[in-house]
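Here is the structure we will look at.
Order of the sequence lines fixes the chain letters, A, B, ..., with proteins taken first and strands second; residue numbering starts at 1 for each chain.
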There are 2 protein chains.
Amino acid sequence: MADVKTGVNPLFLREEELRQGMELLFYAYRDFTAEPDAILGKIGLGRAHHRVIYFIGRNPAITVTELLSILRITKQSLSRVLSELVRSGFVTQRPGVRDRRQRLLELTEKGVDLERQLSESQRQRIAKAYRKAGAVAVEGFREVMLGIIDDEDRPKFTAKLDRAALKR
Amino acid sequence: MADVKTGVNPLFLREEELRQGMELLFYAYRDFTAEPDAILGKIGLGRAHHRVIYFIGRNPAITVTELLSILRITKQSLSRVLSELVRSGFVTQRPGVRDRRQRLLELTEKGVDLERQLSESQRQRIAKAYRKAGAVAVEGFREVMLGIIDDEDRPKFTAKLDRAALKR
DNA sequence: GCGGTTGTGTCAACATGGCTGACGTAAAAA
DNA sequence: TTTTTACGTCAGCCATGTTGACACAACCGC
């Protein structure tokens with residue numbers, strides 16, 4: 001049972017290691033969101049708006065249902081945020097071609113600008129971390145993060161067939 | 001400017017890589033918090049209570065100020081959550097010895113139980129990801145995550161001298 | 001010992017972003 | 001034709017953050 005190298009219970013080490021992992025996630029997320037939050041605050045928007053803008057920018061012509069499944073919130077919650085973004089001219093909606101009930105969402109030029117501004121500090125933060133850690137570490141980071149994410153969303157990061165395009 | 005191997009603009013690749021990193025953080029955090037949130041909901045508590053319980057459990061006899069600096073919220077926000085936890089018998093307070101203005105926070109037995117229950121699914125999630133990815137990947141994960149975290153909190157994960165103990 | 005600083009608490013008001021439940025409409029699919 | 005789907009909206013509630021103001025005890029430096 002004794003760990004020869006350290007003289008410490010290996011179960012304790014494991015527990016400590018896992019707790020460190022949990023805390024890394026907490027601190028990283030806390031710091032990752034801090035800067036965009038500050039920018040958003042100045043223009044009367046919140047983190048929820050950033051998420052919506054981000055994923056629309058990332059998946060042009062995304063539908064409301066697809067967006068809901070990414071964010072895992074209710075349509076009522078999304079609706080509030082989304083309609084604010086449409087009203088203030090960051091996002092446009094147009095009916096789907098194959099299914100006219102759908103509202104395909106796109107960023108306006110103004111929306112693209114805001115998205116870029118908001119994500120800039122985050123991109124820089126990730127870039128700095130990647131650069132400092134090196135390619136091997138980045139690959140390890142990717143693997144561990146993928147393991148943390150629920151199975152169903154993992155394919156998003158591997159095969160990049162455009163599921164979205166099939167639907168419209 | 002052209003990337004010989006892929007025939008793709010390397011700036012685009014870099015952008016894609018960074019965006020993937022950002023999304024990994026979003027999805028990992030979303031899934032990491034989902035299960036404890038569900039448990040908390042049933043007993044009328046929220047994620048904020050989990051965070052407080054977690055960090056008190058992790059740093060027994062932590063002071064309010066120290067807790068505030070970890071959570072980066074206002075004392076008024078913490079106060080509400082903390083007093084609920086004290087009132088419901090998850091946390092105890094006692095005056096500091098060296099500084100009697102301080103309230104040293106500890107989990108009660110009930111608090112320890114709840115903490116364990118809440119963090120269990122998270123520990124398992126991390127453990128599964130670590131196991132699957134392997135030791136090298138875990139080290140890479142650690143390095144990248146540390147790079148994402150603000151400088152000031154990075155020492156928490158390296159030198160583990162007990163700063164807290166010096167203060168009381 | 002006095003005066004400033006620190007640790008903590010509290011009251012009040014407000015914003016954000018979740019939630020549930022209910023109801024409605026248009027379009028697609030069976 | 002009926003049912004299901006995609007989406008919207010109204011209303012109300014809750015959790016969790018914010019700012020600002022005030023209070024008090026205790027500590028620290030001069």
Strictly distance-based, threshold 3.5 Å: is any side-chain N or O of B/Asp150 a donor or acceptor partner for the main-chain N or O of B/Glu152? no
Next item on the list: Report yes if a side-chain nitrogen or oxygen of B/Thr65 is closer than 4.0 Å to either non-bridging phosphate oxygen (OP1 or OP2) of C/dT8; otherwise report no.
Entry: yes
Atom CD of A/Gln102 and atom C1' of C/dT25 are separated, to the nearest Å, by 16 Å
Against the side chain of B/Arg101, the closest entry in C/dG18, D/dA25, D/dA21 is D/dA25
Result for salt bridge (charged side-chain N to carboxylate O under 4.0 Å, His left out) between B/Arg19 and one of B/Glu16, B/Glu23, B/Glu17, B/Glu15 points to B/Glu15
| field | Residue-phosphate contact under 4.0 Å: A/Ser77 side-chain N/O, C/dG17 OP1/OP2 | value | no
query: Given C/dC19, is OP1 or OP2 found less than 4.0 Å from the side-chain N or O atoms of A/Thr74?
result: yes
B/Ile53 CD1 to D/dT16 P, in whole Å, measures 11 Å
Taken to the nearest whole Å, CG/B/Leu68 to C1'/C/dT6 is 13 Å
- prompt: Does B/Arg123 pair with B/Glu120 as a salt bridge, N-O distance under 4.0 Å?
  reply: yes
inquiry  = Any carboxylate oxygen within less than 4.0 angstrom of a Lys/Arg side-chain nitrogen, looking at A/Glu139 and A/Arg142?
reply    = yes
With respect to the phosphate group of C/dG17, does any side-chain polar atom (N or O) of A/His49 fall under 4.0 Å of OP1 or OP2? yes
Practice problem: Look at B/Arg100 and D/dA26 and indicate whether a side-chain polar atom (N or O) is within less than 4.0 Å of OP1 or OP2. | Solution: yes
- Task: Look at all strands and tell whether B/Arg47 reaches a base, only sugar-phosphate, or nothing, counting heavy atoms closer than 4.0 Å.
- Result: sugar-phosphate
Per atom distances to the A/Lys75 side chain, the nearest of C/dG21, D/dC7, C/dT10 is D/dC7
Next on the checklist: Looking at A/Arg103, I'd like to know whether one of its side-chain N or O atoms comes within less than 4.0 Å of OP1 or OP2 on D/dC7.
Outcome noted: no
Atom CG of B/Asp37 and atom C1' of D/dC14 are separated, to the nearest Å, by 14 Å
message = Count I, L, V, M, F, W, Y as connected when their side-chain heavy atoms are under 4.5 Å apart, and connections chain through other members. Are A/Val136 and B/Leu146 then in the same cluster?
response = no
To the nearest angstrom, the CD-P distance between B/Gln93 and D/dA25 comes to 17 Å
* Under the 3.5 Å rule, do the base of C/dG18 and the side chain of A/Arg72 count as making a donor-acceptor pair? -> no
Taking C/dA28, C/dT6, C/dC19 as options, the one with an atom nearest any side-chain atom of A/Arg80 is C/dC19
Closest of C/dA22, C/dA28, D/dG20 to the B/Gln76 side chain is D/dG20
B/Arg51 has its side chain closest, among D/dT16, C/dT8, C/dG21, to D/dT16
